[in-house]
Amino acid sequence: MPLSWNEIKDRALQFSREWIDESAEDAEAKSFLDAFFNVFGVPRKRVATFEQRVKKLDGRDGYIDLLWKGILLIEQKSRGKNLDRAFQQAKDYFPGLKDRDAPRYILVSDFARFRLYDLEEGQQHEFVLEELYKNVRLFGFIAGYQTTSYKEQDPVNIQAAERMGRLHDKLKEIGYTGHSLELYLVRLLFCLFAEDTSIFERRQFQDLIEQRTSEDGADLAGWLCGLFQMMNTPLDKRLKKLDEQLAAFPYVNGSLFAELLPHAAFDSCMRQLLLDCCALDWSRISPAIFGSLFQSVMDAKLRRNLGAHYTSEKNILKLINPLFLDDLRAEFEQIKTNRKRLEEFHQRLAKIQFLDPACGCGNFLVIAYRELRLLELDILRALDKGTASLDVAQFNILCDVDQFFGIEIEEFPAQIAQTALWLMDHQMNLRVSEEFGKYFIRLPLRKSATIIHGNALRIDWREIVKPEVLGYILGNPPFGGKKEQSNSQKADMSVTFAGVPSAGLLDFVTAWYRKAADYMVDNPVIKAAFVSTSSITQGEQVGVLWPNLFKCGVKIHFAHRTFQWSSEARGKAAVHCVIIGFALHDTQDKRIFDYETPQAEPHEVKTKNINPYLVDAPSYFLERREKPICDVPEINKGSEATDFGFLVLSPEERAELIKSEPQSEKWIRPFIGGDEYINNVERYCLWLQGIEPNEIKSMPNIMERVKKVQVARTASKKERTIEWAKFPMLFTENRQPQTSYLVVPKVSSERRFFIPIGFVSGDWIASGSVQVIPGATLYHFGILSSSMHMAWMRTTAGRMKSDYQYSNTIVYNNFPWPQTQTDQQKQAIENAAQAVLDTRAKFPNASLADLYDPLTMPPELTKAHRKLDAAVDAAYAKQKFTGDSDRVAFLFELYQQITSPLESRKATRRKQAKT
């Protein structure tokens with residue numbers, strides 16, 4: 001057991017007194033260094049060797065004064081010698097060392113001065129012998145107190161995944177697979193963490209392999225089997241006369257080493273791979289990434305993209321801070337000077353229980369536990385009143401891993417989650433030890449998290465943890481849009497949302513909301529929060545999911561609006577998410593975390609209410625409407641060809657067709673969809689509406705195309721398409737306006753501030769990828785092109801990937817138009833709208849994609865839109881709108897005013913129909 005810091009300081013003072021007056025020479029270096037290690041309670045002979053022989057670059061032999069392989073190299077000089085030269089001499093030894101033996105620290109000394117280099121952090125510290133007692137914490141790596149700060153993108157994460165991955169592949173090649181392989185690797189990962197985080201002695205695992213197993217690897221599996229059995233056997237039940245090196249390993253318990261696995265087999269290459277894994281500093285890998293690391297080991301494709309599937313701590317904290325940590329921290333600040341209340345708070349902290357019903361490898365649980373333990377550490381500091389004399393064992397660390405529960409559908413992520421929580425527990429115990437200078441460890445493991453392997457949507461959560469004792473539900477359930485769901489997932493959704501109309505439209509993640517709401521009925525005090533697809537707060541899903549949840553009593557307490565769940569891994573698409581915190585009770589402390597762009601940092605806004613669109617506005621659900629709620633032109637989808645490509649022409653095909661059959665030109669029309677309109681893509685179609693039979697027969701090339709349409713439609717599996725094979729020259733859906741119309745692309749990039757819309761001649765055939773508004777005026781164009789309408793669209797529209805998907809039935813038909821504008825205000829909108837069109841016309845060679853790209857949008861066009869926004873805002877209200885949130889909140893209020901009479905008339909008609 002490590003010495004306390006107070007004991008180490010006392011020894012350091014004694015060491016300094018003994019050596020301060022000595023005129024030590026080189027011959028006494030060994031005694032000096034033996035005594036130095038003794039300061040930290042570590043016998044030098046157990047860990048390090050004197051005069052380690054190495055080959056230098058020039059081929060000559062060199063002798064390292066002291067080497068603790070992989071940890072520390074010491075170069076000792078006579079009093080008054082140059083320490084810079086000593087450091088350079090130490091570095092000259094490195095080429096002669098194996099990579100796994102290269103130390104992290106170099107210490108150079110002349111008996112009177114010490115200079116310590118941390119090669120990983122690029123830091124150095126220098127002090128005189130008399131001040132050793134002030135600097136003993138720099139040598140925590142000797143004493144067994146070293147704590148680590150973690151970097152999510154630390155290269156060691158990738159190296160660990162690659163090296164363990166190669167070992168995994170080798171074991172798999174020899175036929176060691178499935179359950180046995182996965183558990184074997186979890187055990188090896190535990191051992192690698194353990195020897196770098198003071199569960200084992202430093203290099204204890206590595207030394208066992210290097211010193212006791214043959215270089216050909218033939219006996220390695222036997223030694224590992226013996227080691228695993230040793231760590232599953234209590235000290236008082238172990239056989240006498242055991243191998244001393246094996247017997248030195250601690251009893252771990254916790255079921256990790258309980259199962260007897262088949263013997264593996266190793267060769268020299270596999271042994272070397274395991275030693276290469278030992279060479280890494282596993283203390284730099286946070287237990288929070290343990291699960292993702294394990295997954296990448298098991299899947300070669302994920303090893304280089306480890307960050308792609310790792311849920312960053314930053315994103316996890318976005319959920320747990322507002323869910324529970326902010327409140328607990330605030331309470332701690334209020335009571336930290338009141339010892340009695342602080343002790344009561346500490347007791348209560350240890351009774352809070354957490355459930356992640358889709359825990360995967362446990363990332364959310366691990367970070368939640370870490371933050372709980374950090375808060376507990378602050379409590380201990382406050383109770384100790386800043387002294388360093390707290391008896392940790394006597395005081396009792398109350399928070400433990402058995403406060404955490406999880407459900408995971410895959411078997412081994414559940415095992416990993418449990419192991420990762422143990423590792424985090426140990427890391428936090430080291431923090432406590434470091435803080436108070438007395439070693440604290442929980443071995444053997446007596447408590448564990450409850451992680452259940454099963455389908456969370458078919459399990460009764462009450463059987464895992466009783467609602468009356470649970471405090472919080474949290475996690476990141478699988479997303480799964482309706483098109484991506486497997487048959488089993490669709491079956492789960494049907495069971496979870498039995499009797500809910502249109503539930504087939506919902507993303508898979510919504511099932512966890514419903515299960516949580518049903519569970520919380522037994523204890524409405526429980527709070528929950530999930531990371532989710534942003535689409536559950538947009539478009540048609542809102543009207544299906546949220547009325548059902550609100551009937552259960554759900555109230556939204558906080559929300560992160562759409563942000564990018566980013567990844568730095570190459571080739572990994574960013575996911576757009578929301579975080580929603582909710583409960584079955586209300587709160588006055590509602591918060592929205594808003595983002596200027598999905599990639600930006602959030603800013604917090606206090607709100608009166610949070611509706612299902614995550615806006616501070618009344619809780620309304622926009623229903624699909626066939627007609628607009630205001631007196632404006634109707635919007636329709638463009639025409640559908642269902643032609644299998646035979647009625648649509650490229651410019652080259654058009655030219656060739658006209659050249660061979662000149663009379664075909666009058667039957668060829670420009671064809672415009674969203675892509676064509678936004679990107680100036682030239683495309684045409686055969687528009688054969690009203691053509692005489694004899695005329696079409698006179699054009700054999702067109703006849704051939706029409707015949708191919710007929711064949712393709714006949715071969716379709718859809719009855720309606722087969723029916724339209726009788727009319728192969730026509731579009732299956734003809735909604736083409738006869739006059740000019742306003743075109744609105746159905747899909748537009750989320751990067752644009754405005755969806756590019758505009759007027760098009762009636763001669764241009766609109767495809768199904770645009771919406772058309774016949775009879776629209778400059779006034780309608782102005783309103784629809786404004787930030788007011790764009791804010792509404794961004795809030796209510798669905799998404800195709802991350803792009804906006806404009807819906808006629810949700811976005812347009814529910815949009816509240818100005819109700820009290822004057823003729824003067826209307827004219828101002830029309831003038832500003834015309835100015836936008838005129839400004840666009842100044843750039844005839846630029847596409848709308850160019851004009852509305854945030855990076856290339858001309859300043860003149862930006863100014864024109866600002867003037868349009870000012871005119872539109874003024875038509876809605878006298879108040880000044882500060883941004884999208886203000887605008888949307890106002891629009892929902894207006895929506896309520898407009899639709900209340902409509903809903904009242906609907907209710908009256910329903911009542912009359914019944915009577």
Side-chain angles (χ1 to χ4, degrees), residues 318 322 534 537-539 542 556 558-564 576-580 590-620 622 748-757 782-797 799 802-804 806 811 814-819 821 825 828-829 832-833 836 852-855 857 859 861-897:
K318 286 179 180 179
S534 56
T537 64
Q538 301 160 345
V542 172
I556 300 176
F558 72 88
H560 280 264
R561 301 192 72 201
T562 299
F563 66 97
Q564 185 168 295
H576 285 72
C577 299
V578 295
I579 297 173
I580 302 175
K590 293 186 173 75
R591 296 185 282 172
I592 290 177
F593 299 86
D594 209 350
Y595 297 76
E596 288 188 15
T597 68
Q599 298 79 26
E601 291 298 313
H603 60 273
E604 181 181 339
V605 180
K606 301 288 186 180
T607 65
K608 294 180 181 179
N609 187 56
I610 304 176
N611 74 8
Y613 299 93
L614 307 188
V615 173
D616 183 8
S619 295
Y620 286 98
L622 302 184
S748 180
S749 170
E750 50 101 10
R751 293 182 62 247
R752 299 187 185 109
F753 299 122
F754 303 93
I755 293 180
I757 68 175
I783 297 290
L784 295 177
S785 297
S786 70
S787 290
M788 185 70 76
H789 180 250
M790 294 302 154
W792 177 263
M793 179 278 301
R794 277 189 282 272
T795 301
T796 62
R799 296 289 191 274
S802 62
D803 294 335
Y804 303 122
Y806 195 97
V811 180
N814 281 301
F815 179 62
W817 291 70
Q819 299 297 294
Q821 80 270 26
Q825 288 171 331
I829 291 172
V836 169
Y852 284 94
D853 187 318
L855 297 177
M857 189 172 183
L861 186 56
T862 300
K863 291 178 183 177
H865 269 283
R866 284 178 183 165
K867 290 181 178 179
L868 176 60
D869 286 343
V872 171
D873 286 354
Y876 272 100
K878 293 180 180 179
Q879 72 184 71
K880 184 174 179 61
F881 298 101
T882 59
D884 278 6
S885 297
D886 274 1
R887 290 188 173 97
V888 173
F890 174 84
L891 288 172
F892 269 103
E893 295 280 0
L894 186 57
Y895 172 84
Q896 180 185 13
Q897 296 171 22

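Positions are given from 1, in the same order as the sequence printed here. Reckoned from all heavy atoms, side chains included, excluding hydrogens, waters and symmetry mates. If you're wondering where the values come from, they're calculated on a predicted model, not measured in any experiment.
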Notebook entry, point to check: Do other residues, nucleotides or ligands put more than 12 heavy atoms under 6.0 Å from the NZ atom of K880?
Noted result: no
Next item on the list: Please lay out, stage by stage, how Q538 and Y804 fare under the test side-chain contact (heavy atoms from CB on, under 4.5 Å).
Entry: CA-CA 10 Å; Q538 301 160 345; Y804 303 122; over 6 Å; no
Next item on the list: Answer whether the closest heavy-atom distance between the side chains of F593 and P322 falls below 4.5 Å.
Entry: yes
Checklist line | Residues D616 and K608 bridged, charged N to O under 4.0 Å | finding: no
Check: Do Q825 side-chain atoms and A874 backbone N/O form a donor-acceptor pair below 3.5 Å?
Finding: yes
Note to self: Here's a test for you: under side chain to side chain donor-acceptor pair (under 3.5 Å), which of Q564, H603, H560 qualifies with Y595?
What the structure shows: H560
Item checked: Exam field: side chain N611 to backbone P618, donor-acceptor pair closer than 3.5 Å -> yes
Notebook entry, point to check: Looking at D873 and R887, what are the two nearest heavy atoms and their distance?
Noted result: OD2-NH2, 2.9 Å
Next item on the list: Could you tell me whether the side chain of S785 reaches within less than 4.5 Å of the side chain of L868, counting heavy atoms only?
Entry: yes
Note to self: Can you tell me if E596 has over 12 outside heavy atoms packed within less than 6.0 Å of its CD?
What the structure shows: no
Notebook entry, point to check: Is the count of non-hydrogen atoms from other residues, nucleotides or ligands lying under 6.0 Å from R751 atom CZ greater than 12?
Noted result: yes
Item checked: Residue pair F558 / I610: nearest heavy atoms and the distance that separates them -> CA-CD1, 3.8 Å
Notebook entry, point to check: What do the steps show when you test N814 against T796 for side chain to side chain donor-acceptor pair (under 3.5 Å), and what is the final call?
Noted result: CA-CA 9 Å; N814 281 301; T796 62; over 6 Å; no
Notebook entry, point to check: Under the side-chain contact (heavy atoms from CB on, under 4.5 Å) criterion, do T537 and R561 qualify, and how do the steps go?
Noted result: CA-CA 9 Å; T537 64; R561 301 192 72 201; over 6 Å; no
Next item on the list: Measure the shortest side-chain to side-chain distance between K590 and K606 over non-hydrogen atoms and say whether it is less than 4.5 angstrom.
Entry: no
Check: Out of curiosity, I755 CD1 to S749 OG, how far, rounded to the nearest 0.5 Å?
Finding: 10.5 Å
Check: Under 6.0 Å between the ring centres of Y613 and F892?
Finding: yes
Margin query: With rounding to the nearest 0.5 angstrom, report the CG to NE2 distance, L861 to H865.
Written below: 4.5 Å
Next item on the list: Please name the pair of heavy atoms, one in Q819 and one in W817, separated by the smallest distance, quoted to 0.1 Å.
Entry: NE2-O, 2.8 Å
Item checked: I556 side, atom CD1; I580 side, atom CD1 - distance, nearest 0.5 Å -> 5.5 Å
Notebook entry, point to check: Nearest heavy-atom pair of P854 and F753: which atoms, and what distance?
Noted result: CB-CE1, 3.9 Å
Next item on the list: Indicate the atoms forming the closest heavy-atom contact of L891 with M788, along with that distance.
Entry: CD1-O, 3.6 Å
Notebook entry, point to check: Where do F754 and S787 land on the side-chain contact (heavy atoms from CB on, under 4.5 Å) test, with the steps shown first?
Noted result: CA-CA 7 Å; F754 303 93; S787 290; 3.6 Å; yes
Check: Looking only at heavy atoms, which two atoms of V542 and P612 are closest? And how far apart?
Finding: CG1-CB, 3.7 Å
Check: Is there side-chain contact between P816 and F890, with at least one heavy-atom pair below 4.5 Å?
Finding: no
Margin query: Could you check whether any side-chain N or O of E750 sits under 3.5 Å from a backbone N or O of S748, counting only pairs where one atom can act as donor and the other as acceptor?
Written below: no
Notebook entry, point to check: Which class fits the ring pair Y806 and H789: parallel under 30°, tilted 30 to 60°, perpendicular over 60°?
Noted result: tilted
